Amino acid sequence: MKNRNNLKFMAGPYMVWAIGFILIPLFIMFYFGLTDKNGMTSLANVLSIATPEHSKALSLSISLAVAATVICLLLGYPLAAILAHMKNSSGVIIFVFILPMWMNFLLRTLAWQTLLEKTGVINTALSALHLPTINIINTSHAIVLGMVYNFLPFMVLPLYNSLTKIDENVINAAADLGANAFQTFFKIILPLTVPGIMSGITMVFVPSLTTFVISKLLGGSKILLIGNVIEEQFTQAANWHLGSGLSIILMVFIVINMLITAIFDRDREGSLL
Amino acid sequence: MRKGHITAMSHIKRIYTALIFIFLYAPIVTLIVLSFNKSKTRAKWGGFTFKWYASLFTNRDIMEALYTTLLIAVLSSAIATVIGVCTCLGLRKMRSGVRTVVLGVTNIPMLNADIVTGISLMLLFLSFGMRFGFGTILLSHITFNIPYVILSVMPRMKNLNVSVYEAALDLGASPFYAFFKVVMPDILPGILSGFLLAFTMSLDDFIITHFTKGAGIDTLSTKIYTEVKKGIKPEMYALSTIIFITVLILLILINRPEKETVNTDKKEPANTSVSSVVIP
């Protein structure tokens with residue numbers, strides 16, 4: 001009898017772990033963000049987002065993250081639909097999305113420099129074909145490309161999962177009742193994949209908004225995103241209070257995202273796993 | 001007329017998938033080509049060579065970083081798997097209110113930005129005066145790996161029949177024996193995909209390691225990051241090519257028999273296969 005009740009305590013170690021390594025660290029971050037160097041409560045760190053330098057970085061981050069998210073959705077939806085109709089598509093998905101992850105993410109992103117440079121692979125090919133060359137390296141366009149490249153899988157997988165869950169009979173019924181392909185898509189398929197869409201949007205938007213690596217590797221050194229500003233506070237300026245204060249601003253966006261996911265995706269339908 | 005329309009459509013689909021495939025694989029092909037480049041800079045092609053593959057194994061810095069990376073990946077995913085599986089077993093027996101709270105907290109590291117997770121862990125270690133190094137990286141990796149294990153194993157738990165486990169206990173099996181003989185076979189696919197997912201995440205992580213590593217220790221990711229300004233050592237390309245080709249071959253081998261199991265087991269395809277293993 002005793003053994004059966006013991007099972008309940010198996011979750012104990014993790015609960016301690018989660019409090020110690022998930023909740024307390026976040027609490028400490030909030031503490032640092034809301035105090036100054038002397039330990040006095042202060043909103044100065046959070047409010048410093050209003051300075052021109054920081055607000056410019058934040059607004060640029062938001063606009064690039066929105067652009068990357070929209071492009072991922074437009075590119076990813078058709079791909080997810082094609083994969084969902086394929087037989088044995090799980091094998092294809094492994095090769096399309098999982099295999100690249102075994103090549104280091106920094107190296108993969110750096111490789112875009114070689115591809116995009118003025119005399120890089122793409123431009124050499126374009127000029128050989130007498131086509132106009134593209135010069136986007138070290139601009140915000142290259143950063144968006146890097147975001148789309150790195151985060152497209154997070155858009156496609158939730159979409160794929162919610163598309164494969166649609167009952168074929170519902171689509172057949174729509175066709176029997178006289179709906180054309182256009183109507184079937186907008187009245188049946190699109191509403192049924194809203195959980196996947198919302199989940200995909202949050203999964204692409206959060207890492208795009210907060211990245212400091214992609215902007216550093218593909219944006220030259222001139223373009224500062226909010227992630228770069230925060231990273232500098234910790235690695236160079238050693239101003240943990242300011243860095244934490246700005247992270248609290250990021251947390252606001254992240255929490256809004258979490259709430260949206262929670263509302264639209266109650267059954268974890270559009271989940272990645 | 002209609003048939004022509006359908007084949008045109010399937011051509012468009014194929015071309016579209018191929019274009020995305022090229023988009024995702026162009027950088028990888030570039031890196032593989034660079035690993036055979038005689039010239040030290042990545043900007044120009046200096047002829048074909050194998051020399052980076054030879055010098056790779058005598059480069060102590062890279063070998064040390066590889067060792068650290070693999071050790072952290074193996075340890076953190078193994079520990080996370082043990083903790084994660086225990087948690088799933090325990091959660092089944094708990095009131096649903098507590099379970100919802102625990103699973104909600106588990107979602108935080110997955111939905112939170114890596115930079116925030118990294119910073120908050122860094123501040124934790126700073127506040128408690130811990131020495132930054134192997135230990136702090138390992139603790140951080142275990143922390144972000146556990147949720148992946150829990151989310152892979154949890155769906156399998158739903159189909160688990162607890163009475164069978166209790167019957168085994170009534171028949172005199174020790175809890176340990178009963179677990180490995182009765183429970184384990186049912187949830188093994190979930191455990192395996194959770195472990196693999198955790199391993200991949202640990203291996204590919206840069207951001208959280210960057211904030212929690214301290215001076216004097218490097219994983220492959222952080223080593224590459226410090227090399228970005230001076231120029232990446234060509235040996236790095238050689239090493240990534242070796243890792244990539246190894247995994248490619250393994251995936252091809254694993255994937256063959258798996259197709260058949262998917263066909264016979266139509267009810268629950270996605271969660272068992274490696275295909276469910278994603279998210280960097």
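If you're wondering where the values come from, they're calculated on a predicted model, not measured in any experiment. Residue numbers begin at 1 in each chain, while the letters A, B, ... track the order of the sequences.
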| field | Side chain / backbone / both / neither for Trp102(A) at chain B, heavy atoms under 4.5 Å | value | both
| task | Check the angle between the aromatic planes of Phe253(A) and Phe205(A) and answer parallel, tilted or perpendicular using the 30° and 60° thresholds. | result | tilted
| task | Give the member of Leu220(B), Thr117(B), Ile243(B), Asn112(B) that has the highest number of heavy-atom pairs under 4.5 Å with chain A. | result | Asn112(B)
| Top of Leu126(B), Thr241(B), Ile232(B), Leu203(B) for chain A proximity - count of heavy-atom pairs under 4.5 angstrom | Leu126(B)
| Is it the side chain or the backbone of Thr109(A) that comes within 4.5 Å of chain B heavy atoms, both, or neither? | neither
| message | Can you tell me which portion of Tyr225(B) sits under 4.5 Å from chain A's heavy atoms? Options are side chain, backbone, both or neither. | response | both
| query | Side chain, backbone, both or neither: which part of Ile254(A) has a non-hydrogen atom closer than 4.5 Å to chain B? | reply | side chain
| query | Any side-chain heavy-atom pair from Met155(A) and Tyr77(A) closer than 4.5 angstrom? | reply | no
| said: Which atoms of Leu250(A) are under 4.5 Å from chain B, going by heavy atoms: the side chain, the backbone, both sets, or neither? | reply: side chain
| message | Would you say CZ of Phe179(B) has more than 12 non-hydrogen atoms from neighbouring residues, nucleotides or ligands within 6.0 angstrom? | response | yes
| note | Honestly, the part of Ser140(B) sitting under 4.5 Å from a heavy atom of chain A is neither
| said: So for Ile122(A), is it side chain, backbone, both, or neither that comes closer than 4.5 Å to the heavy atoms of chain B? | reply: neither
| Using a cut-off of under 4.5 Å for heavy-atom pairs, which of Val98(B), Val29(B), Leu31(B) has the most such pairs with chain A? | Leu31(B)
| request: Give, as side chain, backbone, both or neither, the part of Leu75(A) having an atom under 4.5 angstrom from any heavy atom of chain B. | output: both
| request: Let me know if Leu121(B) has heavy atoms under 4.5 Å from chain A in its side chain, its backbone, both or neither. | output: both
| Is chain B contacted by the side chain of Leu152(A), its backbone, both, or neither, given a heavy-atom distance below 4.5 Å? | side chain
| remark: chain B shares the most heavy-atom pairs under 4.5 Å, among Ile24(A), Leu23(A), Leu209(A), Ile28(A), with Ile28(A)
| Interface moiety of Leu26(A) toward chain B, non-hydrogen atoms closer than 4.5 Å | both
| Test item: side-chain donor near acceptor, Tyr31(A) and Ser244(A), under 3.5 Å | no
| remark: Counting heavy-atom pairs under 4.5 Å with chain A, the top scorer among Val116(B), Thr30(B), Val102(B), Thr143(B) is Thr143(B)
| said: Can you confirm whether or not the ring centre of Tyr149(A) sits under 6.0 Å from the ring centre of Phe23(B)? | reply: yes
| What is the ring orientation for Phe206(B) with Phe212(A), classed by angle as parallel under 30°, tilted 30 to 60°, or perpendicular over 60°? | tilted
| task | Measure distances from Thr235(A) to the heavy atoms of chain B and classify the residue's part below 4.5 Å as side chain, backbone, both or neither. | result | side chain
| query | Side-chain contact, heavy-atom cut-off 4.5 Å: Leu248(B) with Leu99(A)? | reply | yes
| message | I want to check something: taking the side chain as every heavy atom from C-beta on, are Met110(B) and Met203(A) in contact at a cut-off of under 4.5 Å? | response | no
| Is there side-chain contact between Ile28(B) and Arg108(A), with heavy atoms separated by less than 4.5 Å? | yes
| Using a cut-off of under 4.5 Å for heavy-atom pairs, which of Gly227(A), Ala18(A), Pro25(A) has the most such pairs with chain B? | Pro25(A)
| message | For the interface with chain A, which of Ile119(B), Val105(B), Thr17(B), Ile142(B) has the highest count of heavy-atom pairs at distances below 4.5 Å? | response | Ile119(B)
| Do Ser221(B) and Asn104(A) have side chains that get closer than 4.5 Å, going by heavy atoms? | yes
| chain B: which of Thr210(A), Asn257(A), Thr211(A), Leu107(A) shares the most heavy-atom pairs with it under 4.5 Å? | Leu107(A)
| query | Parallel, tilted or perpendicular for Phe144(B) and His141(B), by the 30°/60° rule? | reply | tilted
| Heavy-atom pair count under 4.5 Å with chain A, highest-scoring of Leu24(B), Ile83(B), Ile150(B) | Leu24(B)
| For the residue pair His241(A) and Phe32(A), does the interplanar ring angle fall in the parallel (under 30°), tilted (30 to 60°) or perpendicular (over 60°) class? | tilted
| task | Count the heavy atoms belonging to other residues, nucleotides or ligands that lie under 6.0 Å from CZ of Phe27(A), then report whether that count exceeds 12. | result | no
| field | Residue part contacting chain B, namely of Met103(A), when any heavy atom lies under 4.5 Å | value | both
